[in-house]
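A quick write-up on the structure given underneath.
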2 protein chains.
Amino acid sequence: MMEDDLSFLLANLCKAYRNQLDIALSQHGLYVGQEMILRALWAEDGQSQARLAARLRIEPPTVSKMVRRLARIGLVTQRTATGDARARHVWLTERGRAIRPAVEAACQAVARQAFAGLTAAETAALVAAMQRVYRNLADQA
Amino acid sequence: MMEDDLSFLLANLCKAYRNQLDIALSQHGLYVGQEMILRALWAEDGQSQARLAARLRIEPPTVSKMVRRLARIGLVTQRTATGDARARHVWLTERGRAIRPAVEAACQAVARQAFAGLTAAETAALVAAMQRVYRNLADQA
DNA sequence: GGCAAATAATAAGCTGGCTAAGAATATTGT
DNA sequence: ACAATATTCTTAGCCAGCTTATTATTTGCC
């Protein structure tokens with residue numbers, strides 16, 4: 001039951017975080033989750049979808065859908081790159097690059113709001129504990 | 001960027017937790033999330049959907065869908081209760097009650113796995129930090 | 001060379017979650 | 001008593017995310 005409290009807390013915390021991020025991103029026409037694709041491309045433009053999926057730890061079909069939507073709103077384009085005719089690499093458009101500062105600011109604002117008031121020691125302990133819990137779960141799978 | 005690491009960690013941790021829970025629950029024919037409805041009903045059978053939504057902190061249309069699916073697989077039934085003809089209260093079926101020990105065991109197994117190896121002090125600190133972060137986000141909204 | 005096996009992306013269809021809009025019913029105010 | 005408002009639920013349609021199955025292409029092996 002102690003652990004159940006933690007589970008409930010984790011779920012609610014995650015949802016609250018997503019909600020706040022969703023609100024912040026919606027002002028730039030994005031849904032929560034899409035910023036991850038953009039951030040990956042800002043770090044390295046022209047990645048294949050398989051590479052994006054691996055980086056973001058989501059499945060290829062999910063990337064496929066998200067990229068299509070980002071392409072529809074004009075933030076990325078898909079081009080089949082040199083060499084492999086199967087792979088459709090994803091490239092930022094001018095607008096996709098231009099939106100970067102606003103989106104990064106929005107993400108940072110939510111992060112700052114979330115972790116406000118924690119001391120350096122508390123933050124370090126939180127990171128350590130979360131990494132431990134993550135490994136407990138991920139190592140199994 | 002320190003905060004961004006935390007954000008990424010939080011998202012991945014939450015996803016890992018959901019995945020493990022999903023695997024555990026699928027062996028009983030459930031999807032992750034549905035166990036929350038059942039647990040609420042095990043604690044208090046016959047709640048209205050509005051009440052369930054408030055308790056679980058999800059929106060009424062989400063409850064509506066989930067209850068319909070749980071009804072389809074024969075774990076709950078809906079009846080319009082006394083007094084208010086709008087409200088359709090949700091009741092566990094015999095099977096909905098019978099599945100309880102197995103589902104609770106599955107939830108606890110994931111929780112134990114997740115939080116294994118944390119000392120009491122670490123767990124307490126984790127709870128405190130997560131509650132703080134949750135309030136930082138929820139108070140805003 | 002040619003054929004089988006691996007890989008890249010997509011399609012179909014499911015879930016939880018959301019918002020907006022609608023249909024019933026209750027409640028409240030006058 | 002009746003009109004206006006509020007509440008409860010459902011429907012429609014969107015998103016992220018998933019699995020399974022297809023289609024193209026590439027690679028690897030004989």
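These numbers come from the heavy atoms of this one structure, side chains and all, not from hydrogens, waters or symmetry mates. In what follows, every chain begins at residue 1, and chains take the letters A, B, ... in the order their sequences are listed.
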Only distances under 3.5 Å count here; give the side-chain donor-acceptor pairs of residues 72-81 of chain B to other protein atoms, sequence neighbours excluded, each with its distance to 0.1 Å.
from  : atom 1 : to    : atom 2 : distance (Å)
B:Q78 : OE1    : B:Q49 : NE2    : 2.8

Expressed as a whole number of angstroms, how long is the span from [X]:[atom1] to [N]:[atom2]?
| X | N | atom1 | atom2 | result |
| --- | --- | --- | --- | --- |
| B:K15 | D:dG17 | NZ | P | 6 Å |
| A:I23 | C:dC18 | CD1 | C1' | 11 Å |
| A:D84 | D:dT27 | CG | C1' | 10 Å |
| A:L52 | D:dG17 | CG | P | 12 Å |
| A:R79 | C:dA9 | CZ | C1' | 17 Å |
| A:L21 | D:dA16 | CG | P | 13 Å |
| B:N12 | D:dG17 | CG | P | 10 Å |
| A:R18 | C:dG16 | CZ | C1' | 10 Å |

- request: Quick one: which residue pairs count as a salt bridge (charged side-chain N to carboxylate O under 4.0 Å, His left out) with a foot in residues 100-109 of chain B, not counting sequence neighbours?
  value: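 As it turns out, the salt bridge (charged side-chain N to carboxylate O under 4.0 Å, His left out) pairs with a partner in residues 100-109 of chain B, which skip direct neighbours, are B:R100-B:E104.
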query: Tell me the salt bridge (charged side-chain N to carboxylate O under 4.0 Å, His left out) pairs involving residues 7-25 of chain B, sequence neighbours left out?
result: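 Every pair satisfying salt bridge (charged side-chain N to carboxylate O under 4.0 Å, His left out) with a residue in residues 7-25 of chain B: there are none.
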N/O donor-acceptor pairs under 3.5 Å from side chains in residues 56-69 of chain B, not counting sequence neighbours:
from  : atom 1 : to     : atom 2 : distance (Å)
B:R57 : NH1    : B:Y134 : OH     : 2.5

task: Using salt bridge (charged side-chain N to carboxylate O under 4.0 Å, His left out) as the criterion, list what pairs up with A:E44, not counting sequence neighbours.
output: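 For A:E44, the residues satisfying salt bridge (charged side-chain N to carboxylate O under 4.0 Å, His left out) (neighbours in sequence not counted) are A:R51, A:R55.
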- prompt: So if you build clusters from Ile, Leu, Val, Met, Phe, Trp, Tyr with side-chain heavy-atom gaps below 4.5 Å, do A:L70 and A:W91 land together?
  reply: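 Cluster IDs for A:L70 and A:W91 differ.
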Contact under 4.0 Å: A:T62 side-chain N or O vs D:dA16 OP1/OP2: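 Looking at the OP1 and OP2 atoms of D:dA16, neither is under 4.0 Å from any side-chain N or O of A:T62.
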message: Within the 4.0 Å limit for protein heavy atoms, which parts of nucleotides 9-15 of chain D are touched? Write it as a string from 5' to 3', B for base, S for sugar-phosphate only, - for none.
response: SBB-B-S
